[in-house]
Student: 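Before I ask anything, let me first share the structure, which is written out below as C-alpha cells.
These numbers were taken from a predicted model, which means no experiment stands behind them. In the text below, chain A, chain B and the rest are named by the order of the sequence lines, each starting its count at 1.
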There are 2 protein chains.
Amino acid sequence: MKKLAQFIKILGDTTRLSIIGSIGKKTRSVTEIINDTGLSQTLVSFHLRNLRDAGIVTTRRDGPFIYYSLTNLSLIDILDELALLAGLKTNFFETSQVLSQGKIVSVNRR
Amino acid sequence: MKKLAQFIKILGDTTRLSIIGSIGKKTRSVTEIINDTGLSQTLVSFHLRNLRDAGIVTTRRDGPFIYYSLTNLSLIDILDELALLAGLKTNFFETSQVLSQGKIVSVNRR
DNA sequence: TCTATATATTTGTTTATACTCATATGAATA
DNA sequence: TATTCATATGAGTATAAACAAATATATAGA
C-alpha cells in the first residue's frame, strides 16, 4: 500500500504533470522539456529525478543529451481517466501535448 | 492542470488509500471504516473530509450514521491500473477488500 | 431533557515536499 | 586543454500536509 501511495504521490504534482505532459508518448531531451514547459533547468532536473526514481520515466544518453521517455505509455491514458474523474474534459492529457513553438534557447545563460 | 494534481495528490496517501480500499465498491459507515482499518476516529474523519472535498466520496445520512461510498466506482479499477504501473500485483485493490472480522466496538471510549 | 453513540472540527506540532541558488559533472568542440 | 553546452547535485528555506489531542455537534432513546 505504501509503495502505491508513493507512486501516486509522485504523479500528484503540477510541475511533474507538466513534465509528463511534455514528454507525452514521445522522447524528449531535458532542454526540450525546459523550453516546452518554461520551467527552470534546476527545477526540471529536480523533478525528472523524482520521476526516474519512481520508475515513471527512463533515460537514454546520446552524446551530451539525455532523452527521457515514459516507462509505460499507458500512463497517459490512465491520467486521462483520472482527469475525467476529477471533472476535467476528456483527453485532457492527450490534447495538452500541443507543443509550444518558441525558438530553442540555450539553457545556460550565465 | 492544478486541479488534476490536487485530485491525484488526495489519492497519494497511505491512510486515504486504506480508507478507499475499505469502502471499495460498497457503502460503509464511519464506524465500519474505523473497525476495518484500525485507524483512529479522528484520523478517519479527517481524511474522509479530504476525500469528500475532492469529490472522491459522497455521503448519505441515515439516523446517527453517515454512509460513505465512492462517487465513481471506476476509481477502484484505475487504482488497480496504477498499482500495476507501480510494479505491484494485479487486482491489488480488488483483493485488498477482504474485510477484517474483528467484532464491532464502540468508537467512543472516554 | 439527560445520556450515550456517531461523527466532525479546531488547534498545535511534526514531518515531508517543493523550490531556489550555487556549484558540480560530463560531453563536445575549438 | 580550455571553453561551452547539457544536465545533475547539494544545501538551505518556505510551505504544506499528516497527525494527535481535545472538544464540539448531531441523533436517538430512556
Student: Verify the contact: side-chain N or O of A/Thr31 to OP1 or OP2 of D/dT7, cut-off strictly under 4.0 Å; return yes or no.
Tutor: yes
Student: Quick check: do A/Asn50 and A/His47 have side-chain heavy atoms less than 4.5 Å from each other?
Tutor: yes
Student: So, is A/Tyr68 near the phosphate of D/dA8, with a side-chain N or O under 4.0 Å from OP1 or OP2?
Tutor: yes
Student: Here's a test of your reading of the structure: between A/Phe46 and B/Arg61, which maps to the more 5' nucleotide of DNA chain C?
Tutor: B/Arg61
Student: Considering only side-chain heavy atoms of A/Thr15, which listed nucleotide, D/dA18, C/dC19, D/dA8, is closest?
Tutor: C/dC19
Student: Is any NZ, NE, NH1 or NH2 atom of the basic residue among A/Asp13 and B/Lys2 found under 4.0 Å from an Asp or Glu carboxylate oxygen of the other?
Tutor: no
Student: Going by distance alone, is a donor N or O of one side chain under 3.5 Å from an acceptor N or O of the other, for B/Arg52 and B/Thr58?
Tutor: no
Student: Looking at B/Arg16, does any N or O in its side chain come under 4.0 Å of the phosphate oxygens OP1/OP2 on D/dA18?
Tutor: yes
Student: Without decimals, in angstroms, what is the distance between A/Leu39 CG and C/dT20 C1'?
Tutor: 13 Å
Student: Judged by each residue's nearest nucleotide on DNA chain C, which is more toward the 5′ side, A/Ile10 or A/Pro64?
Tutor: A/Ile10
Student: In this structure, how many angstroms lie between the P atom of D/dT27 and the CZ atom of B/Arg60, rounded?
Tutor: 15 Å
Student: To the nearest angstrom, how far is B/Glu32 atom CD from C/dT5 atom P?
Tutor: 18 Å
Student: First locate atom CD1 of A/Ile20, then atom OG1 of A/Thr37, and finally report the distance between them rounded to the nearest 0.5 Å.
Tutor: 12.5 Å
Student: Calculate the interatomic distance between B/Gln41 atom CD and D/dC19 atom P; express it in whole Å.
Tutor: 15 Å
Student: Please check the phosphate of D/dA6 (OP1 and OP2 only) for any side-chain N or O of A/Ser29 closer than 4.0 Å.
Tutor: no
Student: Using whole Å, report how far CG of A/Asp13 lies from P of D/dA17.
Tutor: 11 Å
Student: Write down the distance between CG (A/Leu43) and P (D/dG12), rounded to a whole number of angstrom.
Tutor: 20 Å
Student: What is the distance from OH of A/Tyr67 to C1' of D/dA6, rounded to the nearest Å?
Tutor: 11 Å
Student: Nearest to the B/Asn50 side chain among D/dA18, D/dG10, C/dT7, which nucleotide is it?
Tutor: D/dA18
Student: Is the phosphate of C/dT17 approached by A/His47 (side-chain N or O, under 4.0 Å from OP1 or OP2)?
Tutor: no
Student: Output yes when at least one side-chain N/O atom of B/Arg49 is less than 4.0 Å from OP1 or OP2 of C/dT9, else no.
Tutor: yes
Student: Find the distance A/Leu11:CG to C/dA18:P and express it as a whole number of Å.
Tutor: 12 Å
Student: Checking contacts here: which listed nucleotide (D/dC19, D/dA20, C/dT17) is nearest the side-chain heavy atoms of A/Lys9?
Tutor: C/dT17
Student: To the nearest 0.5 angstrom, please state how far the OG atom of B/Ser45 sits from the CD1 atom of B/Ile19.
Tutor: 9.0 Å
Student: Closest approach to the side chain of A/Phe65, judged atom by atom: which nucleotide of D/dT7, C/dT20, C/dT7 is it?
Tutor: D/dT7
